[in-house]
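As the structure lists them, so they are numbered: ligands from 1, and atoms in each ligand from 1. Treat the numbers as computed from the prediction; the structure is a model and nothing was measured. Values reported hereafter were calculated over all heavy atoms of this structure, with side chains retained and with hydrogens, waters and symmetry mates removed.
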Amino acid sequence: MKIGVLAIQGDFFEHIAILSKLGVDSQEVRLPAELEGLDGLIIPGGESTTLSRLMSMYNLREPVAQMAQHHKTVWGTCAGMIMMAHEITEEDPIPLQLMDIGVQRNAFGRQVDSFEQDLEITQFNSPPFHAIFIRAPVIIRVGDGVQVLAELPDGRPVAVQQGNLLVTSFHPELTNDTRFHQYFLDLAATQATGPD
Ligand code: GLN
């Protein structure tokens, strides 16, 4: 199994460190050719407007969309989630429109730019997942085929899945809890044996 991590901007190194802790080979992706032969892709957190521009410059939009359409597992965290949305509340960045969700950037205002929250995630056994939110987006529309994995105490979804596609508003790569990465890898393994 080989997992790509988009490495043009943001906290890609932390994802790679967790993947290597889990014994998984990873590939830093900066060029379209580096997507070939991968079983899954992580789009990390960072700054989505920059990510959006760089993905256009590096001609990565189309091949990443192809990967998602060919049932490869793709996971976006924070800015990566913004990029995977169908629509966002602003004109910039331009999302990849991979998932049937609507997203609002910087949804928590200045006073609570960053916060931490324990989340109950039904797919995981206890304890709750300690989630770190940094200038985080929130999901404001969830399409029919989209499953909510975690929500804030006020009911706003912050982790959702649509088949082979996964997004989280928060940063599992900044914790020592590997359960989200393991969940992503299990999904990638299932998709690898499914249709191409
Ligand atoms: N606020 C950032 C954006 O809008 C996302 C922050 C993050 O990825 N931690 O792109």
Which pairs count as salt bridge (charged side-chain N to carboxylate O under 4.0 Å, His left out) when at least one residue sits in residues 74-88, sequence neighbours excluded? E87-R141

Can you list, pair by pair, the side-chain donor-acceptor contacts under 3.5 Å of residues 128-137, counting residues two or more places apart and other chains?
unit_1, atom_1, unit_2, atom_2, d
H130, ND1, D118, OD1, 2.7
H130, NE2, E116, OE1, 2.6

I want to check a possible cation-pi pair here: R53 against Y58, using under 6.0 Å from ring centre and within 45° of the ring axis as the test. no

For the residue pair Q104 and I88, establish whether any side-chain heavy-atom pair is separated by less than 4.5 Å. no

Which N or O atoms of ligand 1 sit under 3.5 Å from a protein N or O, and how far apart is each pair?
unit_1, atom_1, unit_2, atom_2, d
ligand 1, 1 (N), N106, OD1, 2.6
ligand 1, 1 (N), R135, O, 2.9
ligand 1, 4 (O), S48, OG, 3.4
ligand 1, 4 (O), R105, NE, 2.7
ligand 1, 4 (O), R105, NH2, 2.9
ligand 1, 8 (O), G46, N, 2.9
ligand 1, 8 (O), G46, O, 3.1
ligand 1, 8 (O), A79, N, 3.1
ligand 1, 9 (N), I134, O, 3.1
ligand 1, 9 (N), H171, NE2, 2.9
ligand 1, 10 (O), S48, N, 2.6
ligand 1, 10 (O), S48, OG, 2.7

Give the intermediate values and the outcome of side chain to side chain donor-acceptor pair (under 3.5 Å) for residues S169 and R156. CA-CA 11 Å; S169 304; R156 288 188 285 177; over 6 Å; no

Sequence neighbours excluded, which residues qualify as ring pair (Phe, Tyr, Trp, His ring centres under 6.0 Å) partners of H181? H15, W75

